[in-house]
Structure formats: structure tokens, C-alpha cells
Amino acid sequence: MRTLYPEIEPYTSGMLDVGDGQLIAWEVSGNPDGKPVVFPHGGPGAAVSPRHRRAFDPALYRIVLFDQRGSGKSRPHASDPGFDLSSNTTWHLVADIERLREHLGITSWQVFGGSWGSTLALAYAQTHPTRVDELVLRGIFTLRESELTWFYEGAAGQIFPEVWERYVAQVPEAERGSFIRAYHRLLNDPDPAVHGPAAVAWATWESTAITLLPQPEVVASFTDPTFALAFARIENHYFVNKGWLDEGQLLRDIHLIRHIPAVIVQGRYDVCTPPVTAYDLHKAWPEAQFLMIDDAGHSFDEPGILSALVQATDDFAR
Ligand code: STX
């Protein structure tokens, strides 16, 4: 089993102005002359963490982490009162990654994304295929209707009924026809007594269901009220808008990137983004290495997932 590389600090960092009043927080760690890799984080609306640097050999990689618009250390933050989500779409994020690449003087790079990060990695690669050296994709999510319905409208609630019940309890009975819709109203209500508990319930549901075994410290970190509000608002905004993607678009357009070396890592017991999507991607893209981890859930930190990811980054660097 492979594990994370030792802790490292960034050797440079900054805030990139991407327009629309948005500043994107970025950092670079590892070897300045190493192989470039960029890490689109999950959610959308989560953030990068120092642990993410450690999926890459710091002697071999130039590791670029950034927080997407409205998330993490980027500013303004989606928890700010009156935050405007209108310039926050999949295609704005794709353009931001290009802007960051140019800002750092990188010709092309590996793209390493899990969960929503896999969605964004696929969208970026299909838009700018010449800029992508390899793809490492984990916990595949393509934002199809069936994927949203599974996790946010009730089916997955049968696996974690006691947590699902708390997600449902936030929504008045008359609005339970679509929880994504109902949460859109709650999360964007200006009253903190309305949006606050809704955000925590949304983030509790998702963070509980992403690990194979209970991880109270994971739930605690993702239900911090400020983190939860940005995470829930941004995710819900993307889901109400179907990610600004045609249904099935990212699988339909695999032909644009089939020549790029890729690894797909999927946990068998991933309740958040269940294996069917990774399997659909594998069928559309048989050239990509497909690894089903039989004893893992969704999270980056599942031991079997992490081992496969580190092995993949090592293999691509050597
Ligand atoms: N959302 C899946 C996703 O990207 C559909 C995701 N879920 N939880 C996370 O990311 C964090 C662990 C990063 C909070």
C-alpha cells in the first residue's frame, strides 16, 4: 500500500485576478523544475488542503493547488452576504485554470481531480486537450440527472437513513418534490436562521456519506458553518443549473481526449458518486486504466484510493 508523501510547504503562492471581481488563491509546492500538475478540488465549493500536496513526489512534481471561485481562500467567499454566483459556472472555472496555467508559465500539465474535481478535469481537458499531459481521475462524477437524483433526491438516503432524515427535516413538506430546488431557496435566503442550518444539514449529509467508515473529524471539518455555507451554496447552484452541461456531455465528448494517458480510480462502496459512472466512463474510454478499489468509499483519504492515486502519479512521473 502506498501512502501520502511527507508534509511540505508551498514555495510560492498568490491571488490571481480572473475578472468578475474574483481573486483565485493558488500555491505551488514541490520541485520548481518538476513535472507540472494541477489539482481541481471537489464540491464544487470545497477547498484544497495541505494533504492534497502529498499525493505527488515533491522531488519530481511542481504541484499547483488552487481554490475555485468563491471557495477556500479565494475571494470574495461564497459565504459572504450578497455573494453573486452569476459569474460562477463550469466554464468560468475552465477559463480560470487556463489563466492560472498562463500566469505560471506552464505549457501543459497533468490534471488530477476527484469527485467534482473529476468533472472539472474532464471539462477542462475536453476544452483544452493540448494542455493536458495526463489525467488522474477519482470518484467519477459527470453531473448527469441520474447522479444528482441518486445522491440529493433520496435513493442514497436508504443507506444512511438517520442522516438523510436530518437533510429532509430542513425542507417543508410541500417542497419535498425536489430537494435540490428546496435547498436552493433555503441556502439563498438572506436570513442566517434559514440559510445557516440548511447549509450545515446539506454538508452533514454529504460529508457523512463520503467515507466507507464513520469519520467524525471529517464531518466536523465540512460542517464548520462558514465552510458549509460556501460549499452548499456553490454545489446547489451548480446542480440547479445542471453544471451548464448537456445531459451526458462529458461522456459523449470523450473522443476529444481519448489519446491522453489516464487512470480512473473508483471506490466500490462510493455512495456519493457510485461506481456506475466510473464504469460508463471506462466503457467510453477503454484505453484509460480502470481501477476499482474493492474496500473503499468516495473520499481521497480512503486508504485503497490514496494508494492507487499515489501509484498513478509515481508511474506518470517515472
Ligand atoms: N459532490 C462530490 C464532491 O465533489 C457531488 C465532494 N463531496 N464532498 C467533497 O467533495 C469534499 C470531501 C471535498 C467536501
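Atoms within each ligand, like the ligands themselves, are counted from 1 in listed order.
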Just by distance, with hydrogens left out, do Gln110 and Tyr61 show a side-chain donor and acceptor under 3.5 Å apart?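 Indeed, the side chains of Gln110 and Tyr61 share at least one donor-acceptor pair under 3.5 Å.
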Glu147 and Thr142: side chain donor to acceptor below 3.5 Å: yes
With Phe222, which residues qualify under ring pair (Phe, Tyr, Trp, His ring centres under 6.0 Å), at least two apart? Phe227
Going by the ring-ring contact (aromatic ring centres under 6.0 Å, His included) test, name the single residue among Tyr238, Trp202, Tyr167, Trp164 that passes it with Tyr152.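 Testing Tyr152 for a ring-ring contact (aromatic ring centres under 6.0 Å, His included) against Tyr238, Trp202, Tyr167, Trp164 leaves exactly one candidate, Trp202.
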Parallel, tilted or perpendicular: rings of His41 and Phe66 (30°, 60°): tilted
List the protein residues in contact with ligand 1, where contact means a heavy-atom separation under 4.0 angstrom. Gly42, Gly43, Ala46, Ser115, Trp116, Phe141, Tyr152, Glu206, Ile210, Phe222, Phe231, Glu235, Phe239, Cys272
Is Asn241 reaching over with its side chain to a backbone N or O of Gly243, donor-acceptor style, under 3.5 angstrom?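 It does not hold such a pair.
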